[in-house]
Amino acid sequence: ETTTSPKLFNFIVEIPAFQTAKMEVSKDLRDNPIIQDSKKGMPRYYGYGSPFFNYGLLPQTWEDPSNCNAEGICGDDDPLDVMEVGSG
């Protein structure tokens with residue numbers, strides 16, 4: 001008889017549940033710190049209401065832009081997105 005332990009994944013939360021500030025892992029800065037995401041010098045916010053879930057990424061994963069599927073959809077050169085939905 002063998003037992004298997006559950007597979008656990010750590011992820012980084014970029015938008016905590018019920019918050020709207022959008023944080024981002026900086027690919028351009030040394031050690032990839034998590035910083036407030038910005039566009040044209042202005043902070044970015046989640047624009048679809050207040051999310052009821054944690055949104056983030058799986059660290060050390062990257063969607064390769066040169067890897068495309070049969071429909072021509074390619075990676076976006078960002079880590080894999082994660083949405084955590086649960087009761088606590």
Side-chain angles (χ1 to χ4, degrees):
E1 182 177 324
T2 62
T3 60
T4 60
S5 38
K7 293 188 181 193
L8 300 176
F9 296 91
N10 293 315
F11 79 102
I12 296 170
V13 176
E14 295 177 296
I15 305 174
F18 309 108
Q19 304 295 316
T20 58
K22 185 170 184 335
M23 305 302 284
E24 184 87 1
V25 170
S26 174
K27 296 185 292 183
D28 301 325
L29 297 175
R30 184 172 184 256
D31 298 325
N32 306 113
I34 300 170
I35 59 174
Q36 170 83 46
D37 195 14
S38 63
K39 188 172 188 175
K40 297 182 181 178
M42 299 296 295
R44 290 182 66 194
Y45 295 91
Y46 181 76
Y48 303 99
S50 182
F52 62 90
F53 50 84
N54 287 317
Y55 173 84
L57 62 96
L58 291 173
Q60 299 181 350
T61 61
W62 300 95
E63 294 184 280
D64 185 351
S66 66
N67 185 5
C68 304
N69 67 14
E71 289 81 32
I73 299 170
C74 306
D76 63 359
D77 201 27
D78 278 337
L80 294 174
D81 296 321
V82 175
M83 191 172 80
E84 178 192 43
V85 179
S87 60

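All of these numbers come straight from a predicted model, not from anything done at the bench.
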TODO: Evaluate whether atom NZ of Lys39 has more than 12 neighbouring non-hydrogen atoms of other residues, nucleotides or ligands under 6.0 angstrom away.
DONE: no
TODO: Compute the centroid of each ring, for Phe11 and then for Phe9, and state whether the two points are separated by less than 6.0 Å.
DONE: no
Task: Sequence neighbours excluded - salt bridge (charged side-chain N to carboxylate O under 4.0 Å, His left out) pairs with any residue from residues 41-50 - done: Asp37-Arg44
Open item on the list: Nearest 0.5 Å, please: how far is CD in Glu84 from CZ in Phe53?
Closed with: 11.0 Å
TODO: To the nearest 0.5 angstrom, please state how far the CD atom of Glu63 sits from the CG atom of Asp81.
DONE: 6.5 Å
Open item on the list: Which residues pass the side chain to side chain contact (heavy atoms under 4.5 Å, CB included) test with Thr61, not counting sequence neighbours?
Closed with: Leu58, Pro79, Leu80
Task: Check: Asp31 side chain, Pro33 main-chain N or O, donor-acceptor pair, under 3.5 Å - done: no
Task: Where at least one partner belongs to residues 10-46, residue pairs that pass disulfide bond (SG atoms under 2.5 Å apart), sequence neighbours excluded - done: none
- [ ] Please check if the side chain of Asn54 supplies one atom and the backbone of Val13 the other of a donor-acceptor pair under 3.5 Å.
- [x] no
Task: Summary of side chain to side chain donor-acceptor pair (under 3.5 Å) pairs that have at least one residue in residues 8-25, sequence neighbours excluded - done: Lys22-Glu24
Open item on the list: With heavy-atom distances below 4.5 Å as the criterion, would you say the side chains of Ile12 and Leu57 are in contact?
Closed with: yes
- [ ] Only counting residues at least two apart or in another chain, list the ones meeting side chain to side chain contact (heavy atoms under 4.5 Å, CB included) with Leu8.
- [x] none
TODO: Applying side-chain hydrogen bond (donor to acceptor under 3.5 Å, both in side chains), name anything that partners Gln60, two or more places apart in sequence or on another chain.
DONE: none
Task: Contact check, side chains of Cys68 and Ile73, non-hydrogen atoms, under 4.5 Å - done: no
Open item on the list: Can you confirm whether the side chains of Ser26 and Asp28 place a donor and an acceptor under 3.5 Å from each other?
Closed with: no
